[in-house]
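Keep in mind it's a predicted model, so treat the numbers as computed, not measured. Numbers here simply count residues along the sequence, with the first being 1.
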Amino acid sequence: MHSESTVVSLSTAYNVAIGHDNIKNVILSHRPYCSYVDIIDAQHPDDENRDHILERAMRRSFALLQAYHKHVIVILDTPASPIHPRNCVQRPYDLFTNYQLCRFSRRDTLDADAARNWYNGIVRRVAKEFEDISIVDLGNVFCDDSFCYLLQNNAIVYKDHDHLSRFGSRFVAPHILSHLR
C-alpha cells in the first residue's frame, strides 16, 4: 500500500513539474509489480478493479501534465533477471565461467511477467489517447527477440536482479534522452 509520504512526494513532484515553465519534459517510471499487488485510487476508494484504477491514474497524470504543455516520457521497467549479476563477474583464473549464461530467456521472463504485461498494456493503450507522450521500453533496450542480456559492451548492466548498475544507467540514458524536447 502506498504510504502517505509517497502520496505527498508524488504531489510535490507534480506541483514542481507543472509550476515551472522551464520544465518541458516529465519522465514517469514505475515498477509494475507494486500496482499489480496493491493499488488504490484515493478518488474512488471502493473500486478494487486494478485495471480501472491504473487507467484512471494514467489519464489523470497525462491530462494534468499535458494541460501544462509538458512532454511526457514513460519509461517501461527493466526486465527482472533470474540471474544475479555477480555470476557474470569475470574473475582471475576463471576457467569455467560461461558468459553465455549471462543472459536469460525473453519468453520465460519478460514476456511471461504478468504484472509487467498488464502495466505496459494499459500505459500503451492510454497513451494513444494523448498527444506528445513518448514510451521507452527498457525491455527492448536489454533484450532481443530471444534473450535479455546482463552484459552490454562487456559490462554488467544490473546491480541486482532488477536494478541497474551505474553502467546500466549510462547505457539506457541515450535511449531516454533521445525523447527529450
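- Annotation: ring pair (Phe, Tyr, Trp, His ring centres under 6.0 Å) contacts involving residues 31-62, sequence neighbours excluded, comprise Y36-W118, F62-F130.
- Residues meeting the side chain to side chain donor-acceptor pair (under 3.5 Å) test with D145, sequence neighbours left out: none.
- The main-chain N or O of I27 is never found under 3.5 Å from a side-chain atom of H71 such that the two would form a donor-acceptor pair.
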Kindly determine whether T12 and N15 satisfy side chain to side chain contact (heavy atoms under 4.5 Å, CB included), including the steps that lead there.
CA-CA 5 Å; T12 300; N15 287 337; 5.7 Å; no
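- Within a 6.0 Å radius of NE2 in H69, no more than 12 heavy atoms belonging to other residues, nucleotides or ligands are found.
- To the nearest 0.5 Å, atom CZ of residue R59 and atom CG of residue L64 are 15.5 Å apart.
- The hydrophobic clustering, which links ILVMFWY residues whose side-chain heavy atoms are closer than 4.5 Å, places L110 and F142 apart.
- The side-chain hydrogen bond (donor to acceptor under 3.5 Å, both in side chains) analysis of residues 157-166, with sequence neighbours excluded, yields the pairs R31-D162, D160-H163.
- In this structure, C148 SG and R107 CZ are separated by 12.0 Å, a value rounded to the nearest 0.5 Å.
- Paired with Y149 under the rule side-chain contact (heavy atoms from CB on, under 4.5 Å), one option of D144, V157, I156 passes, and it is D144.
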For residues 18-25, run the donor-acceptor check on the side chains, cut-off 3.5 Å, and write out each pair with its distance to 0.1 Å, sequence neighbours left out.
from	atom 1	to	atom 2	distance (Å)
H20	ND1	V16	O	2.8
K24	NZ	D21	O	2.8
N25	OD1	R181	N	3.0
N25	ND2	R181	O	3.0

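- Minimum interatomic distance between V26 and A17 (heavy atoms only, all atoms of both residues): CG2-CB, 3.8 Å.
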Residues L150, I83; criterion side chain to side chain contact (heavy atoms under 4.5 Å, CB included); working and verdict:
CA-CA 8 Å; L150 276 77; I83 304 163; 4.3 Å; yes
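- Considering CD1 of I39 and CG of L54, their distance stands at 5.0 Å, rounded to 0.5 Å.
- Cluster membership for L65 and L76, using ILVMFWY side-chain heavy atoms within less than 4.5 angstrom, is shared.
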Before you tell me yes or no, could you show the steps for D47 and R56 under side chain to side chain contact (heavy atoms under 4.5 Å, CB included), namely the whole-Å CA-CA distance, both residues' side-chain angles and the distance that decides it to 0.1 Å?
CA-CA 11 Å; D47 189 350; R56 278 195 306 267; 3.0 Å; yes
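- Taking both residues in full, the closest heavy atoms of Q152 and F171 are given as OE1-CZ, 3.5 Å, listed atom of the first, atom of the second, then distance.
- Using a distance-only test at 3.5 Å, with no hydrogens or angles considered, no donor-acceptor pair links the side chain of N153 to the main chain of A155.
- Counting only distance, with no hydrogens or angles, the side chain of S178 and the backbone of H175 share a donor-acceptor pair below 3.5 Å.
- Remark: I40 CD1 to D46 CG distance equals 11.5 Å, nearest 0.5 Å.
- Between atom CG of residue N154 and atom SG of residue C102 there is a gap of 10.5 Å, rounded to the nearest 0.5 Å.
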Would I176 and V136 satisfy side chain to side chain contact (heavy atoms under 4.5 Å, CB included), going step by step from the backbone distance to the final call?
CA-CA 7 Å; I176 298 168; V136 179; 4.3 Å; yes
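- When the shell of 6.0 Å around CD of E48 is examined, it contains 12 or fewer heavy atoms from other residues, nucleotides or ligands.
- Pairing each heavy atom of G139 with each of P79, the nearest pair is CA-CD, 4.0 Å.
- The closest side-chain heavy-atom distance from L138 to D77 is not below 4.5 Å.
- Applying the side chain to side chain donor-acceptor pair (under 3.5 Å) rule to R125 yields the partners E55; only residues at least two apart in sequence or on another chain are considered.
- Taking OH of Y14 as the reference point, atom CZ of R60 lies at 9.5 Å (rounded to 0.5 Å).
- Annotation: salt bridge (Lys or Arg N to Asp or Glu O under 4.0 Å) contacts involving residues 109-122, sequence neighbours excluded, comprise R106-D111, R116-D137.
- Scanning all heavy atoms of the two residues, the minimum distance from Y119 to P32 falls at CB-CB, 3.5 Å.
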